[in-house]
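All chains are named by letter (A, B, ...) in the order of the sequence lines, taking the proteins before the strands, and each is independently numbered beginning at 1. The analysis underlying the following values was restricted to heavy atoms, covering all of them including side chains, and did not include hydrogens, waters or symmetry mates.
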Number of protein chains: 2
Amino acid sequence: MKNVNSDMAYDYIRKRILHGEYGPGKALMTESLSTEIGVSRTPVRDALRQLESDGLVSIRPRLGASVKQMNVKEFREMCDLRLALESHAAGLAAINRREADLHEIEFALEAMRRLNVAILAAPQEDPLIAELVREDVRFHVAIMSAAKNDLMKKEILRLHLINRVVSGPAGCERPIVTKSDRDIRRQAVLDSHDEIYAAIARSDPVAAKQAMERHIQDIIDGSMRPMARAESGLIARELTAEEMSYGL
Amino acid sequence: MKNVNSDMAYDYIRKRILHGEYGPGKALMTESLSTEIGVSRTPVRDALRQLESDGLVSIRPRLGASVKQMNVKEFREMCDLRLALESHAAGLAAINRREADLHEIEFALEAMRRLNVAILAAPQEDPLIAELVREDVRFHVAIMSAAKNDLMKKEILRLHLINRVVSGPAGCERPIVTKSDRDIRRQAVLDSHDEIYAAIARSDPVAAKQAMERHIQDIIDGSMRPMARAESGLIARELTAEEMSYGL
DNA sequence: ATCCTATGAAGAATGTCAACTCGGATATGG
DNA sequence: CCATATCCGAGTTGACATTCTTCATAGGAT
């Protein structure tokens with residue numbers, strides 16, 4: 001896209017949603033947004049429709065747009081989708097990887113290892129955690145790139161973004177767990193990453209796929225528990241019963 | 001959606017594309033479409049953007065919309081995506097199926113068997129072929145429904161539609177192969193279906209997944225050959241190099 | 001007499017439209 | 001073959017029509 005005003009509105013709203021300024025369920029009114037951004041309502045409308053197809057907002061006719069909100073069922077389904085796609089991508093990565101891809105993956109992995117030992121020793125862990133998730137993203141992106149399937153990469157990135165939004169603003173409100181729990185969990189993630197990297201490095205698609213499957217499943221299990229706890233706040237506020245018609 | 005005019009435009013254009021009246025690459029100008037449909041340009045614009053997110057048309061800013069056209073790379077990637085999703089769905093179906101789902105799958109399978117023997121004997125096979133693909137779709141949809149993941153179902157159906165459009169209008173222009181070749185291939189498809197059904201019936205997810213994987217791979221192999229032959233007509237006319245920015 | 005429900009109007013936000021502006025593509029001339 | 005001018009179509013805008021929501025009031029029931 002290089003539509004000046006539509007892009008401006010798209011970037012503006014998208015950034016706010018990803019930063020958590022617009023929380024799930026927040027109403028997005030075209031008129032107030034248009035005055036806020038300084039453009040007309042049409043590009044705002046375009047941006048909202050684009051964001052809807054990204055899965056970040058939901059639009060109901062005559063009712064307006066709002067930041068996407070999921071119930072546990074939808075969340076589970078999305079996680080399953082991500083599991084299917086990302087594990088398949090890991091298998092592809094083990095087949096299609098080049099040396100440069102391998103280096104990129106290892107680079108992210110090494111950065112995560114360094115950050116992990118730093119976090120273990122640091123009194124204030126938050127800023128380092130932010131860097132860690134950054135490198136975690138880099139690790140997963142590197143694998144998707146190594147899979148050499150741009151469409152799949154794009155789709156997985158889409159799901160990652162949705163996941164980030166609906167599971168809370170930038171993951172900054174983790175459930176109440178002790179520091180040692182977090183330490184253990186980070187170590188488990190690192191071990192999983194090692195396993196995945198090793199499988200890709202030795203060009204073993206089935207091992208890479210299974211390792212990624214377990215890894216994602218672990219992440220899902222970790223995410224679903226607090227999700228289920230706050231279930232009452234995530235009930236189906238929208239019933240998009242639009243069955244995608246396969247008819248001509 | 002229940003936006004009167006936008007829906008009208010959406011259904012209108014979508015139907016034409018799926019019927020093959022608007023072939024791949026066909027330019028879709030908002031003005032002519034709006035006069036043709038009898039609405040303003042705004043709902044046509046909305047419809048085109050919606051169809052873009054469906055993957056059926058591509059919009060380039062300041063240049064207008066056109067029916068989606070793929071190069072072999074994109075086609076391969078989409079097939080891989082479908083392979084990952086649909087095989088995963090088959091595995092889920094083996095786990096989550098209910099009796100009713102099993103009946104639905106068997107129903108479609110039985111219909112395909114009957115049609116196959118009818119086609120083997122019939123002199124004019126085309127109308128029966130149309131019914132066969134209808135039941136084939138029913139078979140795959142039944143499995144996706146049995147997987148109990150609406151999001152995944154929706155996504156796979158989207159890919160099916162794109163596949164139908166880019167691989168030619170309603171599959172009516174098959175490459176030049178003999179009748180016996182087609183007979184053999186239909187039988188292979190039926191056998192694959194039997195295998196998939198059996199695995200789902202005995203609740204064997206890994207077998208169901210693998211069977212579906214092989215089935216889709218066979219379909220892809222069959223589709224890629226004529227695709228590669230006509231490669232010159234499917235070169236990249238559009239270079240949508242828009243890397244999905246993961247940044248905030 | 002008080003509370004709940006239903007009906008109505010006022011307000012606001014969305015869908016839609018026609019017109020204006022801007023950018024790219026084609027044609028013409030050098 | 002390249003530069004310039006013209007034309008066509010998309011992006012954008014503000015205004016109008018439509019519809020959903022909300023609040024208030026009147027009626028009835030307990």
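Using a 4.0 Å cut-off between charged nitrogen and carboxylate oxygen, B:Lys73 and B:Glu77 count as a salt-bridge pair. Between A:Glu135 and A:Arg138 there is a salt bridge, since at least one side-chain N of the basic residue sits less than 4.0 Å from a carboxylate O of the acidic one. Between A:Glu155 and A:Arg158, at least one side-chain N (NZ, or NE/NH1/NH2) sits under 4.0 Å from a carboxylate O, which counts as a salt bridge.
Between D:dG11, D:dT13, C:dA13, one nucleotide has an atom nearer to the side chain of A:Asn3 than all others, and that is D:dG11. Considering only side-chain atoms of A:Asn5, the nucleotide from D:dT12, D:dG11, C:dC17 that sits closest is D:dT12. Distance from the side chain of A:Met29 is smallest for C:dA13 among the nucleotides C:dC17, C:dA25, C:dA13. Comparing D:dT12, C:dT14, D:dA10 by their nearest atom to the side chain of A:Arg62 picks out C:dT14.
Mapping B:Glu31 and A:Val39 onto DNA chain D by nearest heavy atom places B:Glu31 closer to the 5' end of the strand. For B:Pro43 and A:Gly64, each mapped to the nucleotide of DNA chain C holding its nearest heavy atom, the one lying further toward the 5' end belongs to A:Gly64.
A sub-4.0 Å separation between OP1 or OP2 of D:dA10 and a side-chain N or O of B:Thr30 is present. A close approach under 4.0 Å does not occur between any side-chain nitrogen or oxygen of A:Ser6 and OP1 or OP2 of D:dG11.
Not a single donor-acceptor pair, N or O on each side, falls under 3.5 Å between the base of C:dT14 and the side chain of A:Arg45. Side chain B:Arg41 to base C:dC17: no donor-acceptor pair is found below 3.5 Å.
A cation-pi arrangement is found for B:Arg16 relative to B:Tyr12, the charged atom lying closer than 6.0 Å to the ring centre and inside a 45° cone about the ring normal.
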